[in-house]
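What follows is a set of notes on a single structure, which appears directly below.
For the numbers below, each heavy atom of this structure counts, side chains included, while hydrogens, waters and symmetry mates do not. Counting convention: from 1, in listed order, for ligands and their atoms alike. All residue numbers in this chain count up from 1 along the given sequence.
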Amino acid sequence: MRTDKRYHADYLKLRIYESDLMAINITSLVRKNILKMKKYASARDEFTGKAKIFLDANENAFGSPADQELNRYPDPLQKQLRDKIAAYKGISSPEGLFLGNGSDEAIDLVIRAFCEPRVDSMMLLPPTYGMYSVCANINDIKIIEVELNKDFSLDVEKIIETAKTENPKVIFICSPNNPSANVYAEEDIEAVLNNVDSLVIVDEAYIDFSDSPSWVKRKDEFNNLIVLQTFSKAWGMAGVRLGMAFSDPEIVQVLNKIKYPYNINDVTANIVIKTLIDPSRKEEMVDKIKKERGFLMNAFSNLALVKELISSEANFFLARFDDPDDVYTYLIEEGIIVRNRSNQLHCEGCLRITVGTHEENKILCEALQAYTKRKRS
Ligand code: PMP
């Protein structure tokens, strides 16, 4: 068996010796047709300055029935919104930020920009977020799987070896991982970044609930790194559909070239700009969710029917039961919906519980206590 410390040291050494060679040629990874094609030039791309009268985009000059001014197309490159988010995130330039209709859009666009259907492959590390494989299947991209270890950690050695033989265009690393809720060791992700010729997506949808730092801060060290974040979780704004991809500006340019021209609407942009003025409500909610996660997991640890609790750095956690299907159906009858993950790799017997409000969490615990009593009688 390898000793983890030495193993990492070996890979990190590799980085020292090869650091000058590590920058990846992004252009060579882009699909040839994407490189060749001309981007759609919208009216707002062709003329961006100020003018007295705009009669160039076939808009309705009379206004709109809505109570906001929505008759004009939004800025295709979302300058104001990107500036605000870049400043909030402390990244060196907004050029390194792509905005999508949820982070799901960024997942799909990376695949479409870089993976040639029926030719290229991408690597997934199951069990993980389901949209990666859905987008791969839609785009007819071969999936190479390297299973997580039983404790849900990365099998770094196997990932690197497989990447060397299979040459996937993209490797998806979800940290904190959905559904296991764990964060991967920084040195493990770093070893992958340094030893593959692929793009590496680190999906940080749940990073605000973790005590580990975000990879956004280290984005400029690796030009093959794409960090995904979203307004859907910690910000409590799943309804506005806004996702972020932080990466080398060259990657952002490719994604902006192939996205729908007006993928971020004005309602979303205006609300998010307003929200960013005072992020304290988000911070408050994150604190509450972490506290409630502690409350729920503590209560679960006292339930005899819970066989195992997987520790969590997200706003959900896995709990293992002897008969997950029965617990799942019982909870539905009680009006409580959780996610049955028991058919996923390493998740045998597991239900995935999203942390709710204190009231909701108490009702869930009481329901499970009642279930236990009923089973005993
Ligand atoms: N990544 C992960 C790991 C997720 O769990 C989700 C949503 N469940 C997403 C991305 C997509 O988030 P968005 O709402 O930004 O599309």
F246-F98 aromatic ring centre distance below 6.0 Å: no
What pairs of donor and acceptor atoms, side-chain ones from residues 60-69 against any protein atom, are under 3.5 angstrom apart with sequence neighbours left out?
from	atom 1	to	atom 2	distance (Å)
N60	OD1	F62	N	2.9
S64	OG	Q68	O	3.4

Residues S198, M123; criterion side-chain contact (heavy atoms from CB on, under 4.5 Å); working and verdict: CA-CA 9 Å; S198 323; M123 185 188 285; over 6 Å; no
N-O pairing of K169 and E116 below 4.0 Å: no
Pair Y206 and W235, ring centroids less than 6.0 Å apart: no
Amino acids contacting ligand 1, non-hydrogen cut-off under 4.0 Å: G102, S103, D104, Y129, C174, N178, D203, A205, Y206, T230, S232, K233, R241
Parallel, tilted or perpendicular: ring planes of Y129 versus Y132, cut at 30 and 60 degrees: perpendicular
